[in-house]
Amino acid sequence: MTTVAQFEVEFTRILDETGQLVGSLPDSLSDPQSLVPLYRLMVLTRAFDAKAISLQRTGQLGTYASSLGQEAIGTAVGTAMRADDVLAPTYREQAAQFARGVAMSDLLIYWGGDERGSDFEKCREDFPICVPIGTQCCHAVGAAYAFKIRKQPRVAVCMLGDGATSRGDFYEAMNIAGVWKLPVVFLVNNNQWAISVPRSAQSAAETLAQKSIAAGFEGLQVDGNDVFAVRWAIERAFERARSGDGPTLIEALTYRLHDHTTADSAARYRSEDEVEAMRQRDPLKRTRAYLESQGQWTDDDEKRLQEECAEEVEAAVNTYQASEMLGPEAMFDYLFESLPSQLVAQRDAAIADAAEAAEERADG
Amino acid sequence: MTTVAQFEVEFTRILDETGQLVGSLPDSLSDPQSLVPLYRLMVLTRAFDAKAISLQRTGQLGTYASSLGQEAIGTAVGTAMRADDVLAPTYREQAAQFARGVAMSDLLIYWGGDERGSDFEKCREDFPICVPIGTQCCHAVGAAYAFKIRKQPRVAVCMLGDGATSRGDFYEAMNIAGVWKLPVVFLVNNNQWAISVPRSAQSAAETLAQKSIAAGFEGLQVDGNDVFAVRWAIERAFERARSGDGPTLIEALTYRLHDHTTADSAARYRSEDEVEAMRQRDPLKRTRAYLESQGQWTDDDEKRLQEECAEEVEAAVNTYQASEMLGPEAMFDYLFESLPSQLVAQRDAAIADAAEAAEERADG
Amino acid sequence: MAEITLVEGINLALARAMSEDENVVVYGEDVGLNGGVFRATVGLQERFGRDRVMDTPLSETLIGGMAVGMAAQGLRPVAEIQFMGFIYPTIDQLLNHASRMRTRTRGRLTCPMVLRTPHGGGIHAPEHHSESTETLLIHIPGLRVVIPSSPARAYGLLLASIRDPDPVVFLEPTRIYRLARQEVVDDGEALPLDVCFTLREGTDVTLIAWGAMVQETLEAADALAEQGVSAEVIDAATLKPLDMGTILASVEKTGRCVVVHEAARTLGLGAEIGAELAEKGLLFLMAPVKRVTGYDTVMPLPRTEMRYLPSVPRIVKAVREALEFA
Amino acid sequence: MAEITLVEGINLALARAMSEDENVVVYGEDVGLNGGVFRATVGLQERFGRDRVMDTPLSETLIGGMAVGMAAQGLRPVAEIQFMGFIYPTIDQLLNHASRMRTRTRGRLTCPMVLRTPHGGGIHAPEHHSESTETLLIHIPGLRVVIPSSPARAYGLLLASIRDPDPVVFLEPTRIYRLARQEVVDDGEALPLDVCFTLREGTDVTLIAWGAMVQETLEAADALAEQGVSAEVIDAATLKPLDMGTILASVEKTGRCVVVHEAARTLGLGAEIGAELAEKGLLFLMAPVKRVTGYDTVMPLPRTEMRYLPSVPRIVKAVREALEFA
Ligand SMILES: Cc1ncc(C[n+]2csc(CCOP(=O)(O)OP(=O)(O)O)c2C)c(N)n1
Ligand SMILES: Cc1ncc(C[n+]2csc(CCOP(=O)(O)OP(=O)(O)O)c2C)c(N)n1
Ligand SMILES: [Mg+2]
Ligand SMILES: [Mg+2]
């Protein structure tokens with residue numbers, strides 16, 4: 001018997017639960033001022049989530065998936081990316097999308113049930129939110145391939161959940177990324193739950209980071225509630241990707257504090273004790289504590305920030321609520337670059353039906 | 001940074017290329033007489049392959065996939081299995097199927113284009129040959145689940161190729177096998193090629209054995225041209241499975257000496273030098289050398305064996321060639337347990353059309 | 001006798017089938033402790049144990065394929081795909097294996113499995129959660145496709161599907177999961193898997209629908225009745241094999257046919273019905289066969305999804321056109 | 001001007017498209033050095049390099065999904081699935097993403113991809129290698145489905161498919177890959193993606209077919225001509241969107257229609273044609289619309305596969321039945 005391969009998976013934390021540094025900050029964050037925007041984005045995301053939930057509860061928004069407790073991950077990823085990188089997000093990476101320049105109103109429009117919410121004004125090459133779990137992995141490697149053969153120093157970032165790591169897509173995408181050395185980063189938001197299925201029932205793998213071993217490239221684990229650690233890991237992965245060293249898998253350990261979505265009741269399948277314990281690991285709390293300890297943050301700053309965020313969110317809600325309903329022709333007008341003549345009759349009928357329905361509503 | 005997981009992949013060889021033992025035989029093979037049947041099955045399989053190829057070349061058989069050079073794997077696997085275990089084979093595991101009791105004539109009937117070739121008389125719970133690559137992995141775990149909840153000490157064996165390890169099915173099946181601790185063994189016949197795609201282009205993973213790390217269970221690598229090593233590894237895996245310790249992945253390193261199938265010309269994409277070098281590692285040659293060195297085998301034995309095998313194969317060919325064509329009703333009669341009335345008209349039409357066609361042939 | 005909803009009818013049938021036959025196992029994503037995202041499997045894990053009601057990892061290909069292996073061993077897997085929009089990875093296994101295992105092995109191995117999945121739109125669900133792509137399944141030889149439109153038919157058809165010795169895809173119309181209550185006797189009586197249900201008799205036109213569209217169609221029939229039009233309403237229910245006998249007999253009587261489905265028009269099941277009428281109905285068809293369907297475009301997000309779905313006015317209009325044909 | 005086969009027409013179009021537009025990349029299993037198991041991509045890797053002609057790992061889900069990502073970046077991926085029987089894992093990506101990317105993002109991202117795959121039976125190939133499941137693709141809104149039946153149409157339609165700004169599935173009839181040679185001018189002229197081709201004019205009956213069945217249908221038309229029956233033969237070619245205008249005009253002229261396809265009967269494309277005729281043809285249909293198709297059963301293994309496929313006698317018989325209807 002000879003040993004023909006050996007692997008290790010490392011875990012990294014820089015900022016502990018109490019807000020103490022237990023490692024060194026990445027160079028990009030050496031200026032203390034650079035930390036405030038990270039904290040700000042996390043707070044904004046939390047304010048947005050809270051508002052979205054309340055809109056949903058009052059019938060003003062569709063089903064919504066909160067990122068409560070997981071804001072550090074998207075914040076680190078989104079702020080580390082360059083403008084011309086490409087993000088392939090799930091429905092739970094609001095912070096990353098905001099950092100990319102997606103308007104908060106667009107996310108509301110999307111969850112309000114309107115396609116225009118995916119027509120981002122900025123980051124126009126980012127993929128829209130991906131609902132079919134894991135399928136975005138294939139898109140990310142496709143984009144990464146384009147970067148590679150065009151010799152562009154760009155990276156595709158694929159975000160996915162712990163549940164998504166059980167999908168064949170994830171594995172097939174990792175496998176080709178490994179063998180073609182594609183500039184792509186797979187970032188697993190391991191929030192311990194896939195709806196009601198706990199991480200332990202999802203895979204016997206001791207870590208999700210080790211799944212990249214199957215594809216022949218590095219996987220690492222970080223504290224996902226530590227925005228510095230996630231930044232460190234993703235920057236390292238970007239460096240590898242941009243210098244032609246191929247993909248990286250990052251598992252960010254976090255916890256889904258909220259129900260899966262507004263359509264879910266987590267109380268059915270997990271204990272409040274567990275959730276309460278996890279609240280102590282809150283990424284915002286520890287970042288604020290650190291900023292305070294560095295003299296970078298005061299209660300006044302906090303108060304001002306909370307107000308600013310509330311205003312920004314409110315403005316987004318207003319934009320959302322002012323958006324008019326799409327016309328019936330919209331079902332047809334983006335299906336193909338130009339509508340085949342075969343569909344013209346259907347389009348006409350849809351327009352006529354909508355008009356009749358509107359008339360009836362006016363009459364009735 | 002803390003190390004949170006560590007893995008190793010071991011390679012095992014017991015019989016080297018020259019026929020020398022470089023490790024110890026598994027207990028089940030401690031009686032020298034027990035080795036002869038292994039050699040016999042390998043020789044029989046090779047004789048069968050050669051005949052099938054010649055039938056195909058002369059228009060008497062459909063496309064055929066030879067197992068030339070890979071006979072040790074199926075031999076070890078098939079002979080290690082208990083009668084009530086279940087095999088989920090590819091199209092290239094003739095030796096395993098023969099060991100299971102599949103009639104040689106059935107394989108000819110199958111490759112001759114007749115469904116009855118999958119209606120094995122023995123091993124009636126084995127899956128038929130699986131052509132859509134990797135899909136059988138899901139079947140094997142399904143069967144293993146039945147064994148588990150029924151508390152039967154049975155094992156499902158899933159055989160697959162190196163190419164198949166790139167399919168999501170393989171990974172999804174491994175993942176659930178790991179987390180549910182299913183009594184299943186994944187045996188990768190790594191013959192270095194998936195049609196024209198070399199192992200190196202299939203995955204960046206240093207070994208295919210390590211792919212099980214993604215699913216949280218052990219993977220090991222063996223010399224697939226060493227029938228003793230494969231037997232050792234599969235017996236070990238069976239023991240684990242039967243004692244509730246779950247799945248094992250075994251990568252058996254071998255080489256596809258023949259074209260992918262009779263429809264392929266490997267000369268287009270690989271050098272004769274490479275093939276020639278690999279011929280030196282032939283599993284039959286080394287087993288015979290070992291048997292001879294142990295005084296278990298003589299030239300006479302060899303001659304007799306070759307004759308016996310030729311006869312057996314010939315008998316199978318006769319059975320195959322005597323098989324009559326299925327009637328047109330056969331298209332319908334195995335679709336459902338009982339044919340829905342909706343299909344009766346189609347069945348009648350098919351029978352009538354076949355009768356008319358026969359008449360026309362008779363007339364013309 | 002209790003008044004129950006359609007989704008409760010599903011639950012009742014599952015429990016019944018599980019208590020009758022220990023080979024029945026129920027699995028999928030979130031079907032265990034959580035009882036399914038629509039509560040269809042609620043209570044089953046507690047009652048029948050974790051060996052028989054299993055939460056799987058998030059692996060749809062596997063969910064489809066594992067059933068084939070289980071069924072080959074004599075289990076009766078009843079697998080759930082959480083929404084129809086996520087069923088596509090199972091097609092490989094349904095088409096290449098489940099529907100063929102009996103044929104391929106001349107009956108040596110069989111595949112008595114059920115794949116359940118919520119079907120259709122109109123519940124303001126997120127993207128990809130409102131699909132009605134039954135065509136992709138109906139076209140597959142060797143597969144049965146079933147969809148109920150009432151609590152009683154949900155109970156009876158699901159029982160039949162689980163007991164059937166061959167693979168069945170069982171679609172569940174989410175929009176009417178809880179729309180109405182009906183008395184359902186838990187007597188273990190299954191319904192046949194190859195007949196349509198004539199829900200209302202009529203003489204002027206035959207309306208054919210299934211799943212949630214049965215509701216719209218019955219309402220349209222009501223509206224038409226007020227206009228003096230007598231509509232026969234048929235719930236196709238077993239989409240494959242489809243009971244064309246009942247449909248042809250009805251259209252022979254009424255002379256007119258309108259098919260209603262939320263699936264996209266092109267090659268929705270309405271196409272098969274229309275084509276059968278074009279072959280067998282020429283002597284009695286008095287009007288064009290109309291199809292009121294989803295458009296050949298993507299199901300819109302919830303804010304405008306109702307524009308996509310057939311509505312009572314659209315159905316009434318099509319019937320009026322058929323009646324006015326000359 | 002060379003006389004080439006259909007598969008050579010494919011190869012010619014691929015080479016043309018690649019030399020015209022550096023964004024075109026060709027990938028799949030064995031398409032590189034090996035030139036494809038049917039030789040459709042032979043020589044391309046040598047000519048255009050390994051960055052543009054790539055052998056992938058054996059991962060069909062990925063093959064489908066990666067195209068979506070490439071296309072979003074402005075590449076024009078032309079992916080190959082080795083046989084149609086292995087296309088099913090791509091349906092998830094085709095349906096949930098490729099066909100919807102433009103709609104979902106209001107045109108911000110698009111998906112100009114082509115998925116090529118060999119189609120159909122009759123070549124005595126192993127199990128799962130003789131499929132004709134175009135229905136599963138035709139039903140998907142936002143997807144084009146194309147199939148040629150001659151070398152020239154292979155060349156022109158494939159060029160059009162690659163240049164098209166939206167996703168196209170391009171089916172290649174293996175049975176006629178090398179059946180006949182035809183002069184094809186490599187002039188970069190594409191054919192339209194939404195019109196049928198009328199291959200032969202006639203007055204008594206309209207025969208509609210596509211892919212390899214065009215050959216059988218033309219032979220049947222010959223046989224019918226000998227019997228004094230004048231058949232119009234239409235190659236549907238672009239199965240989605242289907243040019244019903246040409247078909248309706250033809251049937252209006254002939255009064256009779258027979259559709260021929262090797263796909264299973266139920267919800268084969270013949271169903272859509274039949275249903276359209278049941279809606280729009282009542283005033284001119286003189287006979288039942290007949291469908292000569294594969295049966296609703298599993299494509300048999302090669303020894304008996306010809307029993308499954310429509311044959312010249314089956315086509316002729318259906319036409320005779322239509323002619324004798326009164
Ligand atoms: C392919 C697919 N299957 C099922 C679902 C339904 N579903 C939505 S979210 C979810 C769980 C996802 O878990 P995970 O990947 O951990 O992400 P999280 O929601 O925890 O962020 C499921 C099963 C889906 N959207 N897509
Ligand atoms: C899903 C699927 N894709 C493609 C094919 C066509 N094909 C047949 S064998 C083969 C290569 C398989 O390679 P490997 O798994 O290494 O097995 P081997 O043939 O080398 O034993 C391919 C691509 C197939 N049969 N199934
Ligand atoms: Mg999760
Ligand atoms: Mg191989």
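The chains referred to below are lettered A, B, ... by the order of the sequence lines, with proteins before strands, and numbering in each begins at 1.
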Quiz item: Should we count CD of B:Glu239 as having more than 12 external heavy atoms under 6.0 Å?
Solution: no

Quiz prompt | chain A interface, residue from B:Leu208, B:Asn175, B:Thr207, B:Thr12 that has the most non-hydrogen pairs under 4.5 Å | solution = B:Asn175

Exercise. Specify whether A:Tyr171 and B:Tyr171 have parallel, tilted or perpendicular ring planes, treating 30° as the upper limit for parallel and 60° as the lower limit for perpendicular.
Key: parallel

Quiz prompt | chain A interface, residue from B:Thr165, B:Ile176, B:Val222 that has the most non-hydrogen pairs under 4.5 Å | solution = B:Thr165

Quiz item: Measuring heavy-atom distances to chain B, does A:Gln6 have an atom under 4.5 Å in its side chain, in its backbone, in both, or in neither?
Solution: both

Exercise. Mind running side-chain contact (heavy atoms from CB on, under 4.5 Å) on A:Met1 and B:Leu220 for me, showing each step along the way?
Key: CA-CA 10 Å; A:Met1 232 157 55; B:Leu220 51 145; over 6 Å; no

Quiz item: Do you know which of A:Ala204, A:Gly168, A:Ala177 has the most heavy-atom pairs under 4.5 Å to chain B?
Solution: A:Ala204

Quiz prompt | Heavy-atom contact with chain B under 4.5 Å, split by part of A:Ser200 | solution = backbone

Self-check item: B:Ser203 portion near chain A, given a 4.5 angstrom heavy-atom threshold
Solution: both

Self-check item: CZ (A:Arg240) with more than 12 external heavy atoms under 6.0 Å
Solution: yes

Quiz item: Taking atom CD of B:Glu8 and atom CD of A:Glu8, what is their separation to the nearest 0.5 Å?
Solution: 10.0 Å

Quiz item: Does any heavy atom of chain B fall under 4.5 Å from the side chain of A:Thr3, the backbone, both, or neither of them?
Solution: both

Quiz prompt | A:Phe217 versus chain B, the contacting section by heavy-atom distance below 4.5 Å | solution = neither

Practice problem: Determine the option with the most heavy-atom pairs under 4.5 angstrom with chain A, choosing from B:Gly23, B:Ser166, B:Gly219, B:Ala201. | Solution: B:Ser166

Quiz prompt | Toward chain B, the part of A:Ala215 with a non-hydrogen atom under 4.5 Å | solution = backbone

Exercise. Return the option, out of B:Glu10, B:Met174, B:Arg167, with the maximum number of heavy-atom pairs under 4.5 Å with chain A.
Key: B:Glu10

Exercise. Using a cut-off of 6.0 Å, state whether more than 12 heavy atoms not belonging to A:Arg13 lie near its atom CZ.
Key: yes

Quiz prompt | Nearest non-hydrogen partners of B:Gln210 and A:Ala5, listed with the distance | solution = OE1-CB, 4.1 Å

Self-check item: Shortest non-hydrogen separation from A:Gly216 to B:Glu206 and the atoms involved
Solution: CA-OE1, 4.3 Å

